[in-house]
Amino acid sequence: MAHSLFLDCRHYRLSFRHSFGIAHGIRHHTDTVYVRASFHGQHGYGEAALPPYLGYDAVELVRSFHDFFDPVLEDSAAIRKVMTRLSSPGNHLPRPLRTAVDIALHDLLGKLMGTTVRKILNLPEASYSPCSFTLGISTVGEMMDRLTDAQQNGFFKVKLGGPDDRARIEALQAADPRPFCVDANQAFQSEDEALEWMHWLRERGCLFIEQPLPVDMAGSYNRLFDRSPLPVFLDESVQDLNDLPGLSKVCHGINVKLVKCGGIEPARALIREAHRYGLQVLVGCMSESACGAMAAAQLSGWANAVDLDGPILISNDPFSGAVYSDGQLLLSNEPGTGAKLMNDDLFDGQPLTQD
Ligand code: MG
């Protein structure tokens, strides 16, 4: 058994510290799946958070995990073989499982080699990569209460789509001098509505706007881009490499998330290609724990900014390691991603799900 690779997968429910409002509704929790990859007594961990719009059932994903992976792979080349399988076309792996396994294997490799994931992949160290703090849709009063959680973040990301958006932005600017961007999450229904907002935002120094128009209005993106007074980043419209051709004519940058493209390795390829197209890159996450956020942070040396505040927004993170300081999410020099499992019950005990 000395060369066996053990794979396990569990479901967990992350609770928001405060209810989280975006243009599509209010959430109190996010389901997530964790994968543990074990070899030679070392454990690597990966995560794929599942906001409802992705359309996955976490329990069903966990159930199907062992249809795709044997729990024990007794082969000295098992890690390489699983990694190769993740990237092989037509593998039919659900994207979240691919993501969580990819992250877990990278974390495991780092621990086995005694080095960070970014060193293994020859990724640059971040010089300065400011990290956002997300302000969900809320009242002005609720938003002001949440600013106390944001003391170590470099800029704000204000979610649009609520009744008090302009009042919230004005109150934020009156209370805090740090820069802000906005994420419309597809809230605008026309170019004119988006443009009117974007001119108002530009006057207030907004850094950029994310996903102003719905995904199914892609035919309007180029006209908005031509008239845009603000840099436009796309998020929901960009899942992976297949979406990149032509994007440099309709946006200034993209939000790269591991769970959208399938893990660290596909994200690295996506960013490299995005740079070739002259696009800026925001490295983001879903509402996820330190496990996923610290994995994404390995790519921050290639990012113009990072949107990795998930661990601050949740109250029951089973992992530690996400440290925010001086406007940034600090990269860990611990082997692997730097995320540490704090709750042994996650894989070895009961219950697996916490409400
Ligand atoms: Mg977004």
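FYI, side chains are in, hydrogens and waters are out, and symmetry mates aren't considered; it's all heavy atoms of this structure.
- Ring to ring, F133 and Y324 are not that close: their centroids are 6.0 angstrom or more apart.
- Side-chain atoms of Q211 come within 3.5 Å of backbone N or O of L213 as a donor-acceptor pair.
- With hydrogens and angles ignored, the 3.5 Å screen pairs a side-chain donor or acceptor of S190 with a backbone N or O of E193.
- Distance check: W200 CH2 to E196 CD gives 10.0 Å after rounding to the nearest 0.5 Å.
- Cluster annotation: I271 and L279 are assigned to the same hydrophobic cluster (Ile/Leu/Val/Met/Phe/Trp/Tyr, side-chain heavy-atom contacts under 4.5 Å, transitive).
- Considering all non-hydrogen atoms of both residues, V33 and C9 come closest at CB-SG, 4.5 Å.
- Taking every heavy atom of both residues into account, S127 and Q328 meet most closely at O-OE1, 4.2 Å.
- Remark: the backbone N or O of A297 is not paired with any side-chain donor or acceptor of R118 at under 3.5 angstrom.
- Using a distance-only test at 3.5 Å, with no hydrogens or angles considered, no donor-acceptor pair links the side chain of R10 to the main chain of D345.
- Shown are F6, Y45, Y34; of these, the ring-ring contact (aromatic ring centres under 6.0 Å, His included) with F347 is made only by Y45.
- Between V259 and R95, the closest heavy-atom pair is O-CG, 3.5 Å.
- By the 4.5 Å heavy-atom criterion applied to side chains, H66 and P71 are counted as neighbours.
- In this structure, S132 contributes its side chain and T134 its backbone to no donor-acceptor pair below 3.5 Å.
- The shortest non-hydrogen separation linking N255 to V283 is OD1-C, 4.1 Å.
- How far CD1 of I79 is from CZ of F39: 5.0 Å, rounded to the nearest 0.5 Å.
- At a threshold of 4.5 Å between side-chain heavy atoms, the hydrophobic network of Ile, Leu, Val, Met, Phe, Trp and Tyr places M294 and W302 in one connected group.
- For the atom pair CG (L160) and SG (C181), the distance works out to 9.5 Å, reported to the nearest 0.5 Å.
- Contact check for L329 versus S300: no side-chain heavy atoms found under the 4.5 Å cut-off.
- The shortest side-chain heavy-atom distance between I169 and L201 falls under the 4.5 Å cut-off.
- Within the 3.5 Å criterion, the main-chain N or O of L14 finds no donor-acceptor partner in the side chain of N316.
- Considering only heavy atoms from C-beta on, I120 stays 4.5 Å or farther from H106 through its side chain.
- Remark: L121 CG to L109 CG distance equals 9.0 Å, nearest 0.5 Å.
- Note: F233 CZ to D183 CG = 11.5 Å, rounded to the nearest 0.5 Å.
- When every heavy atom of L108 is checked against every heavy atom of L5, the shortest pair comes out as CD2-CD1, 3.8 Å.
- Around CZ of R80, the count of heavy atoms belonging to other residues, nucleotides or ligands within 6.0 Å does not exceed 12.
- Side-chain contact of S15 with H29: a donor-acceptor pair under 3.5 Å is absent, judged by distance alone.
- Judged by distance alone, the side chain of D309 and the main-chain N or O of F156 form no donor-acceptor pair under 3.5 Å.
- Here K157 contributes atom NZ and L207 contributes atom CG; the two are 12.0 Å apart, rounded to the nearest 0.5 Å.
- For the pair A100 and A48, the tightest heavy-atom approach, listed with the atom from each and the gap, is CB-N, 4.0 Å.
- A side-chain donor from one of S289 and E47 sits under 3.5 Å from a side-chain acceptor of the other.
- Tracing side-chain contacts under 4.5 Å through hydrophobic residues (I, L, V, M, F, W, Y), one reaches F20 starting from I312; they form part of the same cluster.
- D243 places a side-chain N or O within donor-acceptor distance of the main-chain N or O of D240, the cut-off being under 3.5 Å.
- By the 6.0 Å contact criterion, CZ on R204 is enclosed, its count of non-hydrogen atoms from other residues, nucleotides or ligands being greater than 12.
- Side chain of E236 to main chain of P214: no donor-acceptor pair is present (N/O by atom type, distance under 3.5 Å, no hydrogens or angles).
- No hydrogens or angles considered: a donor-acceptor pair under 3.5 Å links the side chains of T30 and S287.
- Listed for the K257 side chain is no donor-acceptor partner under 3.5 Å among the backbone atoms of M286.
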